[in-house]
Amino acid sequence: MSTIKESTHQKNVANFDHLISVLISLGPAYNPGNTSINITPLQSALTSGQNAIDTEKTAKANWKDLTNTKEIVFSPLSELSTRILHTLESCNVPLPTVHDCRFYVRKIHGIRAKKIKPAENENPEQNSNDPQDQTPVKHISVSQRSYDSLIEHFQRIIVLLSSQPQYATNEPELKISALQTLLTNMKTARSNAYTAKAIFDNARIERNK
């Protein structure tokens, strides 16, 4: 499938504008029987094309801007989750609670509880020095670091902390109220980026039309 290049649309509109100028220069000699290609409807089509390109460009810029904002809002999460875990460990909470928090922190970091050993053949009888006899073991990815997943993991950490009266800190950014504010900002940034992407996609469809 061929790709529609951005420059093609702009070039087509520019050529169409030039065509209309040529037709106007003909004066009364240009008098088509088909009224849909008179100067006025052609100029209307030109305006629609120009507006569609401008709308798509604006929508794309807005989507990129809000996507960048989303990335900035989410950027502290990895380091922050580690600090939360260390703080929780120092608050004399039950060990299972610490383990639960560590589980969600690993999810945010996208790491396993145990490192994967180098790939070995699952069938010991087939192990040999010949690389062609080795069948690498396939491992399922545990990374759940989409923005939706990050929000879910972080929200579970906040719920866990809220259930522990022992959790206390003098660092403002680690207080539960601050974490809840960050969670709200994350959800808002994600929603804004999703909405902007939908608007951009629709604007691109209309431009192509």
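Keep in mind that what you see is a predicted model, and the values were worked out from it rather than measured.
- Ion pairing between a basic and an acidic side chain is recognised when a charged N comes within 4.0 Å of a carboxylate O; Asp54 and Lys57 show no such pairing.
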**Request:** Any chance you could lay out the salt bridge (Lys or Arg N to Asp or Glu O under 4.0 Å) test for Glu171 and Lys175, step after step, and finish with the verdict?
**Result:** CA-CA 7 Å; Glu171 298 177 85; Lys175 293 182 181 295; over 6 Å; no

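- Proximity of His99 to Phe103: side-chain heavy atoms (C-beta onward) are nowhere separated by under 4.5 Å.
- Cluster annotation: Phe16 is connected to Leu26 through the hydrophobic network of ILVMFWY side chains, with a link wherever side-chain heavy atoms come within less than 4.5 Å.
- A donor-acceptor distance shorter than 3.5 angstrom exists from the side chain of Asn51 to the backbone of Thr47, with no hydrogens or angles considered.
- Judged by distance alone, the side chain of Thr55 and the main-chain N or O of Ala52 form no donor-acceptor pair under 3.5 Å.
- Side-chain atoms of Thr195 never come within 3.5 Å of backbone atoms of Asn192 as a donor-acceptor pair (strictly under, hydrogens ignored).
- Checked against ring-ring contact (aromatic ring centres under 6.0 Å, His included), Tyr104 has no partners two or more places apart in sequence or in another chain.
- Looking only at distances, a side-chain donor or acceptor of Asn202 sits under 3.5 Å from a matching main-chain atom of Ala198.
- Separating the OG atom in Ser90 from the CG atom in Leu85 is a distance of 10.0 Å, to the nearest 0.5 Å.
- Between Gln164 and Pro94, the closest heavy-atom pair is OE1-CD, 3.6 Å.
- In this structure, a donor-acceptor pair under 3.5 Å is absent between the side chains of Thr40 and Asn38.
- Annotation for Ser78 and His109: closest pair OG-CE1, 3.0 Å, computed over non-hydrogen atoms.
- Taking the six-membered ring for Trp and thresholds of 30 and 60 degrees, Phe200 and Trp63 have nearly parallel ring planes, at less than 30 degrees apart.
- Between Arg83 and Glu79 there is no salt bridge, since no side-chain nitrogen of the basic residue lies less than 4.0 Å from a carboxylate oxygen of the acidic one.
- Cluster partners of Leu66: none. The rule joins Ile, Leu, Val, Met, Phe, Trp and Tyr whenever side-chain heavy atoms lie under 4.5 Å apart, and it links nothing here.
- We find the OG-CD1 distance between Ser162 and Ile176 to be 4.0 Å, quoted to the nearest 0.5 Å.
- In plain terms, the two heavy atoms of Leu42 and Ser36 that are nearest each other are CD2-O, 4.5 Å.
- Each of Ile199 and Ile205 belongs to its own hydrophobic cluster when Ile, Leu, Val, Met, Phe, Trp and Tyr are linked at side-chain heavy-atom distances under 4.5 angstrom.
- Checked by atom type and distance alone, the side chain of His9 never pairs as donor or acceptor with a backbone atom of Ile53 at under 3.5 Å.
- Inter-residue side-chain proximity for Gln43 and Ile24 is flagged as met; some heavy-atom pair is nearer than 4.5 Å.
- A donor-acceptor pair is defined here as one N or O able to donate and one able to accept, closer than 3.5 Å; such a pair exists between the side chain of Asn68 and the backbone of Lys64.
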**Message:** Run the side-chain contact (heavy atoms from CB on, under 4.5 Å) test on Leu150 and Lys107 for me, step by step, so that the C-alpha distance in whole Å, both residues' side-chain angles and the decisive distance to 0.1 Å come before the verdict.
**Reply:** CA-CA 8 Å; Leu150 290 175; Lys107 289 288 188 180; over 6 Å; no

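- Considering every non-hydrogen atom in both Leu174 and Tyr167, the closest pair reads O-OH, 2.7 Å.
- More than 12 heavy atoms of other residues, nucleotides or ligands shown are found within 6.0 angstrom of CG on Asn15.
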**Evaluation steps, side-chain contact (heavy atoms from CB on, under 4.5 Å), between Tyr30 and Ile37** = CA-CA 10 Å; Tyr30 180 72; Ile37 56 174; 3.9 Å; yes

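- Summarising the geometry of Thr97 relative to Leu88, their closest heavy-atom pair is O-CD2, 4.2 Å, with the distance given to 0.1 Å.
- Taken to the nearest 0.5 Å, the OG atom of Ser81 stands 12.0 Å off from the CZ atom of Arg102.
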**Prompt:** Hey, mind stepping through Gln155 and Lys187 against side-chain contact (heavy atoms from CB on, under 4.5 Å) and telling me if it holds?
**Reply:** CA-CA 10 Å; Gln155 188 164 4; Lys187 290 180 177 179; 3.5 Å; yes

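- The backbone N or O of Val22 sits less than 3.5 Å from a side-chain atom of Ser25, completing a donor-acceptor pair.
- Closest approach of Cys101 and Leu160 over heavy atoms only: N-CD1, 3.8 Å.
- For Asn92, the CG atom sits in a loose shell: 12 or fewer heavy atoms of surrounding residues, nucleotides or ligands are nearer than 6.0 Å.
- To the nearest 0.5 angstrom, Leu179 atom CG is 10.5 Å from Met186 atom CE.
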**Message:** Apply side-chain contact (heavy atoms from CB on, under 4.5 Å) to residues Asp201 and Arg204 and explain how you reach the verdict.
**Reply:** CA-CA 5 Å; Asp201 287 342; Arg204 184 165 49 185; 3.1 Å; yes

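- Atom CG in Asn31 sits 10.0 Å away from atom CD1 in Ile39 (nearest 0.5 Å).
- Between Leu183 and Ile151 the shortest side-chain heavy-atom distance falls below 4.5 Å.
- Here Ile108 contributes atom CD1 and Leu80 contributes atom CG; the two are 8.5 Å apart, rounded to the nearest 0.5 Å.
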**Request:** Go through the steps to decide whether Ser149 and Ser146 satisfy the test side-chain hydrogen bond (donor to acceptor under 3.5 Å, both in side chains), and finish with yes or no.
**Result:** CA-CA 5 Å; Ser149 295; Ser146 68; 3.0 Å; yes

